[in-house]
2 protein chains.
Amino acid sequence: MTTFTVAPDNVYCGASTQVKRGASQLAQGPPPGYPISTFSGGAAISKRSTIIDVAHLAGVSIKTVSRALNDAPHVSAEARERVKAAAATLDYHPNIAAQSLIARRSFLIGLTYERPSPSYVVELQNGALARLEESRYRLVVLPFRNVADRPAELGRLLMRAGLDGVVLAPPACDQDELLAMLDKHRLPYARITPHSAMDRGIVLAMDEVAAGEAVAAHLLELGHTRIGIVLGDPSHAASAARMEGYRRAFAEAKVVIDDRLIVTGDFTYDVGYKVAEHLLRQTPQPTAILAQNDDMAVAAMAAVRDCGLSVPHDISIAGFDDSEVARTAWPQLTTVRQPVMKMSWDATDRLIGWLDAGRKDGSEGEMAFARRGNHPHELVVRASTAPPKV
Amino acid sequence: MTTFTVAPDNVYCGASTQVKRGASQLAQGPPPGYPISTFSGGAAISKRSTIIDVAHLAGVSIKTVSRALNDAPHVSAEARERVKAAAATLDYHPNIAAQSLIARRSFLIGLTYERPSPSYVVELQNGALARLEESRYRLVVLPFRNVADRPAELGRLLMRAGLDGVVLAPPACDQDELLAMLDKHRLPYARITPHSAMDRGIVLAMDEVAAGEAVAAHLLELGHTRIGIVLGDPSHAASAARMEGYRRAFAEAKVVIDDRLIVTGDFTYDVGYKVAEHLLRQTPQPTAILAQNDDMAVAAMAAVRDCGLSVPHDISIAGFDDSEVARTAWPQLTTVRQPVMKMSWDATDRLIGWLDAGRKDGSEGEMAFARRGNHPHELVVRASTAPPKV
DNA sequence: TTGTATGCGTTATCAA
DNA sequence: TTGATAACGCATACAA
């Protein structure tokens, strides 16, 4: 048993923060004698070379250039070489807008999310980016606040963005009105962990009820019965699903849920801290806290400590997601792993598969892949949970 | 003085993590009876309506439609109304590829970064996105690993991405070869916290030497003299700049730097943890640790606790960046605020200003804004630093 | 194997 | 205030 002490001023208190400003020279002018311009701002002096320039230089027609550069058949090896050399000489890069115009696609994949947790967002992005890496597609990020309040606005934003397809993270993935708009405009989409209309679009699911049940069961098995619950944003269907899982675990363990120990957060640290404080003021105090994501769990940990208590000695804490904070928190957080990056990779993969297949043969529904994928969750037991004090 | 205890198994140890898998049904087939297809995968049955359709429906020419929809002059109010109504009826959205082709720009801004810290990345993105919100521009994210090893590869990636401009975060912003390629291809760029060639492109700077000096001075003023230093990735020029600041503070305080107390990390938590462990094995042990970013500082905090010591009672810790982890850590981290989001907003703003100005009049260098902006840093003193034990 | 001519959906020119 | 027509840069029937 390691014992240590903490200085008394180690409390959560924004007001005690001291700030010293460094020198500021906002928008200072350019230093004297610096070059007027490093690059030309659009009004290019020498225009970018086009396929015609390459054709001239290589002494062939533009069609031959096109074939050679796209590694299409029916080009003599010699012509191909000449063309490639000419292209290199002229630093030729095909105009993507022109290609898009004729190909009728932009090679742009959108990613929409609302979750404010940095680690969740980055995992989401990295999954999609990993899949897009060697492809022609590029990723456009389109965060959007309060989708539940204005789904049509997001819909218009997506329509205007010139995307070939879009990956929808929660809670946008569950907005009926949004899906209806996308359907109407034939903008393909993949949905990450949706909870309704599971037959629409590409669906990457995880059994969040079972996952919620797993963490809750873990705390119950340790012997906790007074468990505070910090819900996420109610506009996310996941909140209700995870709660349903908690309920099942409690029912299974024959433990009654005390409604005064259920508080609602919004997946952010700050709100999580406040509602956790509220939980800690209840009597008798809960001996454990179940938070619906890791950020709120970490906030609860801070709130517990700011009460002079310790985790998990006095109070156990469990999160959800297994995002980066779960591992960098101290003590490390017990949580349920949601394979966000894999789901995002998978969503992007299937979306691209759908797009590319639709291109080749017009036969819809004859996809080589399943429109739905289920991903496993994992209960990850770390150091933030322990049996209750006796 | 609050005293509390921690269970003995609360140590940083990935191996002790227990994992239970939930049910997995990866790539399960579609449920029976689900609709074959919700959307058509590209081979659209009814093509998207074009400007011609709108012109027909409104009984005007396409030029009039163009004028009306773009709120251009020389259109009768009556015609404008008819056109807008027709467009709404047909759910018309202009084809961005066609617009790009003629406008000779894509309305795509790229954002390149390498930093693995989620909170840094998200701040960077959010700054750019905030500026782009109501504009026609969209943000393409282009993370790239090991720029220092292969700048030309990143250059080609950027050329191929069809961008109008690009925001370069460290360390790409300091890659000469990359800048040369961008110059050559006339792809405008804005650089965030560069440390070399300050006259090239748009530059958003912060005085990192002074910032480094500020944190170091803070620890020295508290009375620390044995201070461990955790450097960031050497390929980031910021690492050397911040270290230079540390040196100045030490010199000013007439404290000699012990080279055995300088270790090199890479801005990640994991490596930060390892090198911090190394520092803690030195004798006599340092009484404080200066980390070059917050993630490594938090890692150092974990390492300190895993030694059975406490922060800041036994060892003080300071970070750099004031990213989200600094505030959600416990105790909250003393650090230097780097206004990443503001710099990113500013970079994007000036980049767009440059692009839009270059459009209107070809006069380069006659910009309405400065090509360089300096942002202030702030020393943020929180709970992770205290005077050394006596 | 190669080249010519046409179209993709906009905006811009310039005459009506 | 309008509209026919020409770009924009590329890809592709179709002809050679």
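Being a predicted model, the structure only gives us computed values, none of them experimental. Reminder, nothing fancy here: chain letters follow the sequence lines and each chain counts from 1. Only this structure's heavy atoms are used, side chains among them; waters, hydrogens and symmetry mates stay out.
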Integer-rounded Å distance: D:dT1 P and B:R82 CZ: 15 Å
Would you say B:N146's side chain and B:D149's backbone share a donor-acceptor pair under 3.5 angstrom? no
When only distance counts, do a donor and an acceptor, one from the side chain of A:R48 and one from the base of D:dG9, lie under 3.5 Å apart? no
May I ask you to say what B:I52 touches in the nucleic acid, namely base, sugar-phosphate or nothing, with a heavy-atom cut-off under 4.0 Å? nothing
Short side-chain N/O contact from A:S61 to OP1 or OP2 of C:dG3, under 4.0 Å: yes
Nearest whole angstrom, please: distance from the C1' of D:dC10 to the CZ of A:R67. 14 Å
Of the listed nucleotides (D:dC10, C:dT10, D:dC8), which one gets closest to any side-chain atom of B:R104? D:dC8
Measure CZ/B:F107 against C1'/C:dG9 and give the value in whole Å, please. 15 Å
Which listed nucleotide (C:dT13, C:dT10, D:dA11) is nearest to the side chain of B:K63? C:dT13
When rounded to the nearest 0.5 Å, the distance separating CZ of A:R200 from SG of A:C173 is 12.0 Å
Nearest nucleotide by nearest heavy atom, which residue falls closer to the 5' end of DNA chain D, B:P73 or B:L101? B:P73
Find the distance A:I62:CD1 to D:dC8:C1' and express it as a whole number of Å. 13 Å
For B:M159, look at atom CE and say whether over 12 heavy atoms of other residues, nucleotides or ligands are found less than 6.0 Å away. yes
Atom-pair distance (NE2 on B:H93; P on C:dC8), nearest Å: 21 Å
For the side chain of A:N95, counting heavy atoms from C-beta on, which of C:dG3, D:dG9, D:dT2 is nearest? D:dG9
Without decimals, in angstroms, what is the distance between A:I51 CD1 and C:dT4 P? 13 Å
Please classify the nucleic acid contact of B:I96 as base, sugar-phosphate, or nothing, using heavy-atom distances under 4.0 Å. nothing
Using a cut-off of less than 4.0 Å, is there contact between a side-chain N or O of A:T64 and OP1 or OP2 of C:dT2? no
Would one find a side-chain N or O of A:S100 under 4.0 angstrom from OP1 or OP2 of D:dC10? no
Please pick, from D:dC10, D:dC8, D:dT2, the nucleotide with the shortest atom-to-atom distance to any side-chain atom of B:I102. D:dC8
Look at A:S66 and D:dC10 and indicate whether a side-chain polar atom (N or O) is within less than 4.0 Å of OP1 or OP2. no
Kindly point out which of D:dA11, C:dT10, C:dT2 is positioned nearest to the side chain of A:V75? C:dT2
Please state how far atom NE2 in A:H74 lies from atom P in D:dC14, giving the value in whole angstrom units. 15 Å
Report the distance from atom CG of A:D91 to atom NE2 of B:H185, rounding to the nearest 0.5 Å. 3.5 Å
Ignoring hydrogens and geometry, is there a side-chain-to-backbone donor-acceptor pair from A:R136 to A:F107 under 3.5 Å? no
Under 3.5 Å, side chain of B:T348 to main-chain N/O of B:S344, donor-acceptor pair present? yes
It should be established whether B:S76 places a side-chain nitrogen or oxygen under 4.0 Å from OP1 or OP2 of nucleotide D:dT2. yes
Please check the phosphate of C:dT11 (OP1 and OP2 only) for any side-chain N or O of B:Q99 closer than 4.0 Å. yes
Which whole-number value in Å describes the distance from A:R105 CZ to D:dA11 P? 13 Å
Under 4.0 Å: is that the gap between some side-chain N or O of A:N70 and OP1 or OP2 of D:dA11? yes
